[in-house]
Amino acid sequence: MSSSTGTIALEGLDPRGKQPSRINPYWVLVLPLVLFLLVLYLYPIGQVLWISFSDPEVGLQNYERLVTNRGILKMLGNTFRICFITTGISLVLGYLIAYAMAHVTDRHRIWILMFVLVPFWVSVLARAFSWVVLLHDNGIINRALLDWGVISEPIHLVRNELGVLIGMVHYMIPYAVLPLYANLRGIDPKLVSAARGLGAGPFESFWRVYLPLSLPGIAGAGLLVFILTLGFFVTPSILGGGKTLMIAEYVSVQILQTVRWGVGSMLAMVLLVLVFLVFAVMSRVVDLRTMFGAK
């Protein structure tokens with residue numbers, strides 16, 4: 001009996017003494033979804049990449065525009081400047097809100113969180129037009145300032161870069177608050193209390209203890225906000241009034257108005273590569289898994 005059992009056991013082994021490779025049954029369930037995603041995403045991206053090299057003729061002439069065309073260089077400069085400013089302001093405001101949420105009572109935290117999440121419930125188009133109503137030369141803000149005698153003539157708050165920044169910061173604050181709040185909630189308040197007990201003042205305790213512990217949350221929120229702002233389209237087109245072009249709006253103009261598919265596809269690929277580069281740089285500076293709460 002033992003001999004037959006041993007023979008059966010040996011039959012399941014590789015002649016070289018290794019266990020035979022088996023296909024994980026979970027792959028049978030995952031493989032169709034993986035194939036679907038490959039077809040849904042990689043094939044269109046491949047098509048866009050091919051158009052960027054082949055329209056109007058095969059070559060690198062579209063990518064040469066990145067260093068020779070002043071209009072494209074100016075547009076890229078506007079995009080990066082607006083994205084950096086938006087990210088910086090959103091992080092400062094988001095940190096203040098997240099800090100307050102982490103140190104107030106549960107009742108007040110719910111109210112703050114509700115007001116933070118309100119922008120998610122309103123269409124981005126409706127928000128952009130609402131800012132136009134508020135910031136226009138004859139809008140509520142200018143009318144109030146004129147009536148109070150603060151200004152003698154309307155301030156141009158819309159159809160320029162200032163209006164774009166206001167609308168983008170308003171849209172991005174929730175994306176900065178939520179990662180920061182998740183990070184700040186994980187900081188042990190006893191550490192700050194210990195610093196205070198050792199003689200550090202309120203500002204020194206925050207600067208040397210609390211702020212360094214919140215750096216992963218700042219990095220995660222900054223990464224998320226910056227990547228999202230790179231692809232902004234509706235807000236800059238409405239609040240900028242065509243005077244503050246960013247890369248997404250420029251792609252739309254090239255494809256829908258001037259019908260230069262090659263240039264538009266090239267800029268779309270540049271935007272995609274920029275996103276991956278931001279991830280690559282950040283992954284070398286901090287652990288992305290830690291930033292987004294992974295163990």
Centroid separation under 6.0 Å, is that true for the rings of Y99 and Y181? no

Euclidean distance, L272 CG relative to L230 CG, rounded to 0.5 Å: 11.0 Å

Where is the tightest heavy-atom contact between Y250 and L267, given as atom of each residue plus distance? CD2-CD1, 3.1 Å

Is there a side chain to side chain contact (heavy atoms under 4.5 Å, CB included) between L35 and L31 once you walk through the steps? CA-CA 6 Å; L35 294 176; L31 189 58; 4.2 Å; yes

V273: which other cluster members, linking ILVMFWY side chains closer than 4.5 Å, directly or transitively? L277

Please check this pair: side chain of R109 against backbone of V104, looking for a donor-acceptor N/O pair closer than 3.5 Å. yes

Atom CD1 in I141, atom CG in L146: separation rounded to 0.5 Å? 12.0 Å

For Y43 and L38: C-alpha separation, side-chain torsions, deciding distance, then whether side chain to side chain contact (heavy atoms under 4.5 Å, CB included) applies. CA-CA 7 Å; Y43 178 74; L38 289 176; over 6 Å; no

Is the backbone N or O of V122 less than 3.5 Å from a side-chain atom of R127, with the two atoms forming a donor-acceptor pair by type? yes

Any R65 side-chain heavy atom under 4.5 Å of R70 side chain: no

Do the side chain of T79 and the main chain of I247 share a donor and acceptor less than 3.5 angstrom apart? yes

Please determine if R81 and E161 form a salt bridge, counting it only when a charged side-chain N lies under 4.0 Å from a carboxylate O. yes

Between S90 and T87, is any pair of side-chain heavy atoms under 4.5 Å apart? no

L165/I89 under side chain to side chain contact (heavy atoms under 4.5 Å, CB included): CA gap, chis, key distance, verdict: CA-CA 9 Å; L165 287 171; I89 298 175; 5.6 Å; no

Measure across G231 and L271 and return the closest heavy-atom pair with its distance rounded to 0.1 Å. CA-CD2, 4.4 Å

Scanning both residues in full, the closest heavy-atom pair of P236 with M168 reads CG-SD, 4.3 Å

Hphob cluster co-occupancy, I166 + L125, side-chain heavy atoms under 4.5 angstrom: yes

For the residue pair P56 and R260, establish whether any side-chain heavy-atom pair is separated by less than 4.5 Å. no

Any non-hydrogen side-chain atom of M172 less than 4.5 Å from a side-chain atom of F232? yes

Of all the heavy-atom pairs spanning M269 and V48, show the shortest one and how long it is. SD-CG1, 3.9 Å

Ring pair (Phe, Tyr, Trp, His ring centres under 6.0 Å) pairs, two or more places apart, involving residues 124-158: W131-H170

Is there a donor-acceptor pair under 3.5 Å between the side chain of N69 and the backbone N or O of I72? yes

Is there a donor-acceptor contact under 3.5 Å from the side chain of R159 to the main chain of G240? no

Is the shortest heavy-atom distance from the side chain of M101 to the side chain of L180 under 4.5 Å? no

Check whether any side-chain N or O of N160 sits under 3.5 Å from a backbone N or O of G163 as a donor-acceptor pair, and report yes or no. yes

Can you see which heavy atom on P212 is nearest to which on R208, and at what distance? CG-O, 3.6 Å

Quick one: hydrophobic cluster around L37, which other residues, with the 4.5 Å side-chain cut-off, linked directly or via members? L33, F36, L40, Y41

Taking atom types as modelled, is there a side-chain donor on Y63 or S52 under 3.5 Å from an acceptor on the other? yes

Value rounded to 0.5 Å, distance of CG in D188 from CG in L213: 9.5 Å

Checking side chain to side chain contact (heavy atoms under 4.5 Å, CB included) for the pair D137/L157: CA distance, chi angles, key distance, verdict? CA-CA 7 Å; D137 291 351; L157 301 175; over 6 Å; no

Could you tell me which non-hydrogen atom of S214 sits nearest to which non-hydrogen atom of Y95, and how far apart they are? OG-OH, 2.9 Å

Just by modelled atom types, is the D55 backbone N or O under 3.5 Å from a matching donor or acceptor in the N62 side chain? yes

Just by distance, do the side chain of S265 and the backbone of G262 share a donor-acceptor pair under 3.5 Å? no

So CG of L113 and CG of D106: to nearest 0.5 Å the spacing works out to 11.5 Å

Report yes if some heavy atom in the side chain of Y210 is under 4.5 Å from a heavy atom in the side chain of I187; otherwise report no. yes

Could you see if M75 belongs to whatever hydrophobic cluster contains F84? Use Ile, Leu, Val, Met, Phe, Trp, Tyr and a side-chain cutoff under 4.5 Å. yes

Please round to the nearest 0.5 Å and tell me the distance separating atom OG1 of T86 and atom CG of L228. 11.5 Å

Using the rule that Ile, Leu, Val, Met, Phe, Trp and Tyr join whenever any side-chain heavy atoms are under 4.5 Å apart, tell me whether I155 and V132 fall into a single cluster. yes

Strictly under 6.0 Å, is that where the ring centroids of F115 and H108 end up? no

Do L66 and F80 share a hydrophobic cluster, counting only Ile, Leu, Val, Met, Phe, Trp and Tyr and linking them when any side-chain heavy atoms are less than 4.5 Å apart? yes

Report whether V92 and F206 are members of the same hydrophobic cluster (ILVMFWY, side-chain heavy atoms less than 4.5 Å apart, transitive linking). no

In Å, rounded to the nearest 0.5 Å, how long is the span from CD of E153 to CG of L145? 12.5 Å

So, does S252 use its side chain to make a donor-acceptor pair with the main chain of A248 at under 3.5 Å? no

